[in-house]
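Here's the structure we're looking at; comments come further down.
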Amino acid sequence: MKFYFAMSIKRLLRAPTSIIFDIVFPVLILLFAVASAGNNSVDGTAMINYFISTALAKGMIPMACISFPIYVARQIENGSITRLNYFGVKTRWLMLADLLAQIICACIGVAIAMIIGWLCFKLKCPGAGYFFAYILQLFYALVTLMVWGQVVGVLIRNTKGMVLIGIIETFFLLFCASGSAIFEIFPKGVQTMAKCFPISWVSWKMPSIWLGHSYWVPDFLWISAIWLGAGILILWFMSLAGNPFIRAVQRQKIQNSIEKKGKANPERALQG
């Protein structure tokens with residue numbers, strides 16, 4: 001698993017989509033937010049400190065909806081996981097290694113965005129207690145997003161289809177992460193729907209942690225726990241022995257290849 005984990009990080013850092021969405025996109029979102037909202041001071045605090053959570057939330061969404069699911073679908077589509085299964089490597093360890101590698105790459109992107117905000121735009125870190133609570137809950141949100149990114153990637157299992165699904169998911173979650181505007185302008189039904197997704201709480205409530213007004217967002221914690229627990233259970237089920245979700249792709253590819261060659265009995269060939 002250690003070797004596969006190291007290779008996963010290398011593959012992610014070499015993939016153009018991963019570099020763009022994991023490293024570049026969070027920084028671009030931060031720059032766009034500063035350019036559109038300005039960075040004037042309010043009571044001696046630069047504006048970036050008020051919308052840093054919204055910028056980071058929006059920066060994490062494409063990682064979980066586009067970059068990581070495409071990577072997962074590609075690993076299944078090209079047969080990498082199946083080939084390793086033949087050598088006795090369990091699917092659950094492969095999926096865990098991919099998940100941990102993606103979380104590390106995503107943390108690098110978020111850290112770079114925060115460092116640039118601190119160096120260039122007067123981002124001011126709160127006290128140690130507030131900063132630790134903020135980072136811990138931001139990481140909690142990141143892990144929850146990545147777990148569901150892997151769930152979607154394994155379910156779709158097709159890179160072309162994953163692009164379309166990922167774009168739809170991205171726009172929907174970007175809407176949920178638009179900040180307090182959702183909870184003040186849109187109808188109650190829309191507000192309730194947005195509150196069901198952890199990323200909306202990151203954008204709406206976590207700025208109070210960064211500004212030193214509170215340590216925790218209780219609603220975010222239990223809603224994220226439900227999403228994270230459900231995602232882990234789904235991934236565990238998908239990684240069971242036999243793994244119909246992953247192996248179905250390979251069986252279909254083999255069957256299509258046999259049919260193209262004009263074999264009379266593809267089912268018997270598949271069994272062999």
Side-chain angles (χ1 to χ4, degrees), residues 22 25-34 36-37 39 41-65 103 106-118 121-149 169-170 172-186 190-229 231:
D22 293 357
F25 194 79
V27 177
L28 289 178
I29 288 293
L30 182 67
L31 296 177
F32 291 154
V34 172
S36 60
N39 199 30
S41 296
V42 178
D43 297 329
T45 302
M47 281 296 296
I48 189 174
N49 294 279
Y50 292 92
F51 57 72
I52 181 64
S53 295
T54 301
L56 293 178
K58 290 182 176 181
M60 293 189 301
I61 289 171
M63 303 179 192
C65 296
I103 289 173
C107 287
I108 292 173
V110 171
I112 291 175
M114 296 183 72
I115 290 171
I116 290 177
W118 174 59
F121 302 112
K122 301 179 181 179
L123 182 64
K124 184 179 179 181
C125 292
Y130 292 107
F131 181 75
F132 177 76
Y134 183 87
I135 294 299
L136 185 62
Q137 291 171 87
L138 188 68
F139 181 76
Y140 187 30
L142 177 63
V143 172
T144 303
L145 277 173
M146 295 308 158
V147 165
W148 275 94
E169 289 180 333
T170 297
F172 174 74
L173 291 181
L174 285 175
F175 169 75
C176 292
S178 296
S180 59
I182 289 180
F183 302 91
E184 296 176 355
I185 298 176
F186 290 94
V190 177
Q191 297 179 25
T192 302
M193 177 192 68
K195 289 178 180 179
C196 293
F197 295 90
I199 200 67
S200 64
W201 295 90
V202 175
S203 179
W204 182 40
K205 286 294 187 179
M206 282 184 60
S208 63
I209 303 175
W210 187 262
L211 295 171
H213 298 156
S214 63
Y215 284 101
W216 307 103
V217 182
D219 290 331
F220 161 75
L221 294 176
W222 70 262
I223 290 174
S224 296
I226 293 174
W227 279 96
L228 181 59

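Side chains of M63 and L145 form no contact here, defined as non-hydrogen atoms less than 4.5 Å apart. Side-chain atoms of D22 and F25, non-hydrogen and from C-beta on, never get closer than 4.5 Å to each other.
Minimum interatomic distance between V27 and I116 (heavy atoms only, all atoms of both residues): CG1-CD1, 3.6 Å. Nearest heavy-atom pair across K58 and S178 is CE-CA, 4.0 Å. Taking every heavy atom of both residues into account, A177 and A57 meet most closely at CB-CB, 4.3 Å. Of all heavy-atom pairs between A141 and V202, the closest is CB-CG2, 3.6 Å. Of all heavy-atom pairs between W201 and F220, the closest is CB-CB, 3.7 Å. Considering all non-hydrogen atoms of both residues, P198 and S224 come closest at CB-OG, 3.2 Å.
A distance of 12.5 Å separates OG in S53 from NZ in K205, rounded to the nearest 0.5 Å. Going from atom CD of E169 over to atom SG of C65 covers 4.5 Å, rounded to the nearest 0.5 Å. For the atom pair CD1 of I61 and OG1 of T170, the computed distance is 7.5 Å after rounding to the nearest 0.5 Å. Within the model, atoms CD1 of I108 and CD1 of I103 stand 12.5 Å from one another, a figure rounded to the nearest 0.5 Å. Rounded to the nearest 0.5 angstrom, F139 CZ and T144 OG1 are separated by 10.0 Å. Rounding to the nearest 0.5 Å gives a distance of 10.5 Å between NZ of K124 and CG of L211.
Under the 3.5 Å distance criterion, the side-chain polar atoms of Y140 are matched with a main-chain donor or acceptor of L221. Judged by distance alone, the side chain of W210 and the main-chain N or O of Y50 form no donor-acceptor pair under 3.5 Å. Within the 3.5 Å criterion, the main-chain N or O of S200 finds no donor-acceptor partner in the side chain of S203. Looking at Y134, its side chain never comes within 3.5 Å of a backbone N or O of I209 through a donor-acceptor pair. For Q137 (side chain) and V217 (main-chain N/O), a donor-acceptor pair under 3.5 Å exists by modelled atom type. Using a distance-only test at 3.5 Å, with no hydrogens or angles considered, a donor-acceptor pair links the side chain of W227 to the main chain of C196.
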**OP:** Assess whether side-chain contact (heavy atoms from CB on, under 4.5 Å) is satisfied between F132 and I135, documenting all intermediate values.
**Re:** CA-CA 5 Å; F132 177 76; I135 294 299; over 6 Å; no
**OP:** Begin with the C-alpha distance, continue with both residues' side-chain angles, and end with the deciding distance and a verdict on side-chain contact (heavy atoms from CB on, under 4.5 Å) for M114 and L56.
**Re:** CA-CA 8 Å; M114 296 183 72; L56 293 178; 4.0 Å; yes
**OP:** Would you please test L30 and I52 for side-chain contact (heavy atoms from CB on, under 4.5 Å) and show each step?
**Re:** CA-CA 7 Å; L30 182 67; I52 181 64; 3.8 Å; yes
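Taking the six-membered ring where tryptophan is involved, the planes of F172 and F197 are perpendicular, since the angle between them exceeds 60° and thus also 30°.
Just one residue in the list L173, I29, L142 forms a side-chain contact (heavy atoms from CB on, under 4.5 Å) with M60, and that residue is L142.
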